Amino acid sequence: MTPAEFTCRISSVGRRGITVIDENGQELSARVAGRVYKVTQPVTGDNAIAVKTGDIPVVEKILPRSGVLQRTASSGTSTQTIAANVDMVLVVTSIREPDFSHGFLSRALAAAEWKDLDAVIVLNKTDLCHEHDETLIKEIRAVYGKEGAGYPVFPVSCKTGDGTNELLENIRGMTVVMAGPSGAGKTSLVKYYNPSIDLRIGELNLKTSKGKHTTVAARLIPLEKNTAVIDTAGLKMFSIDHIPRNDLQFCFPEFSGYAGECRFRNCLHLSEPGCAVKSAIQNGTISATRYSMYLSLMKETDPEAR
Ligand code: GDP
Ligand code: ZN
């Protein structure tokens, strides 16, 4: 690298410009050299080499990506890359306000599985819990936790800080992408870990010449050195449309130990005889709640079956 060159990470990509975070953690407005586009379209989370000669750094090279997060474009025909170098999905839900939803969680987890991304579950707003909510948290742990579907579950409160250290220890050194219903506390969680961050900075920097804000699909926010979250506008509701109906079962990891024992090799665990997955549900080894989520997602993937 020449003295003017530095490595950075792209923190947002708008129509008129991008922002990068330099090695000192500073977020800067930047441009992308035209020839970069011949190779790839830069996305949030990309590691890059930029050069600072004029007043604004210019990204000259995008470094090779590890995991990418993609979604099916609204037209339904092409796949869009939303973020690069993502290690894990952080599904942020709340126990109350809004009430916990098995539907949202199972859908988000299925989408993460389909992309082969690890996922952890955050149950926010424990400070709002009543006594009987303890039973709900226990049930959620049983269904989704280590004994059930196998995901780490972290009850936290952004208000009191309860559970936030355990969560941070489990995402340290990673780039996690947040998904969660509106109001679950995604912004609050980011602010809790990084109180100094101005969550509007990226948007302000990306104002167009007419003063209009451009659409920022995904924004990377550092929580501490080497640990970051990516907040995405489009991930409030994970789409599972692109998952083929016959493959949905592979997005429920707790089914996999039984699926091989079904009488029919292509068993979809619906009403086929000799289904080992259904037996496991009947004897309580697989959660009936998860199975009912599987059935409702199956219906979504095939309108004919509705
Ligand atoms: P987002 O839409 O997922 O980004 O949710 P926000 O972070 O904007 O939070 C939605 C509302 O929930 C705000 O009024 C927050 O103050 C509140 N909130 C977030 N976390 C907590 C929490 O742990 N406890 C309580 N009581 N309120 C919270
Ligand atoms: Zn079966």
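Atoms within a ligand are numbered from 1 in the order they appear, just like the ligands themselves. Computed from a prediction, not measured in an experiment: that's the story for all the values here.
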> Any idea which atoms of ligand 1 are less than 4.0 Å away from a heavy-atom of P181?
Replying inline: 3 (O)

> Do the ring planes of Y294 and H269 sit parallel (below 30°), tilted (30 to 60°) or perpendicular (above 60°)?
Replying inline: tilted

> At their closest point, which heavy atom of A84 faces which heavy atom of R9, and how far apart are they?
Replying inline: O-NH2, 3.7 Å

> Which class fits the ring pair F255 and F252: parallel under 30°, tilted 30 to 60°, perpendicular over 60°?
Replying inline: parallel

> Strictly under 4.0 Å, does any heavy atom of S94 approach an atom of ligand 1?
Replying inline: no

> Polar-atom distance check: V156 versus ligand 1, any N or O pair below 3.5 Å?
Replying inline: no

>> Using heavy atoms and a 4.0 Å limit, tell me yes or no: is S157 in contact with ligand 1?
In response: yes

> Is atom CD of E224 surrounded by more than 12 heavy atoms (other residues, nucleotides or ligands) closer than 6.0 Å?
Replying inline: yes

> So which of the N, O or S atoms of H269 lies nearest the Zn ion (ligand 2)?
Replying inline: ND1

>> Geometry only, no angles: is L128 polar-contacting ligand 1 at N/O separations under 3.5 Å?
In response: no

>> A quick test of your reading: do over 12 heavy atoms of other residues, nucleotides or ligands sit less than 6.0 Å from CZ of R65?
In response: yes

> Which of the atoms in ligand 1, numbered in the order shown and given with their element, are less than 4.0 Å from a heavy-atom of K186?
Replying inline: 1 (P), 2 (O), 3 (O), 4 (O), 5 (O), 7 (O)

> For ligand 1, which atoms have a heavy atom of S182 less than 4.0 angstrom away?
Replying inline: 2 (O)

>> Going by the closest heavy atom to atom 12 (O) of ligand 1, which one wins out of K159, K125, R96?
In response: K125

> Taking atom CG of L248 and atom CD of E113, what is their separation to the nearest 0.5 Å?
Replying inline: 11.0 Å

>> As a test of understanding, state which of N124, D162, D127, T164 forms a side chain to side chain donor-acceptor pair (under 3.5 Å) with S157.
In response: D127

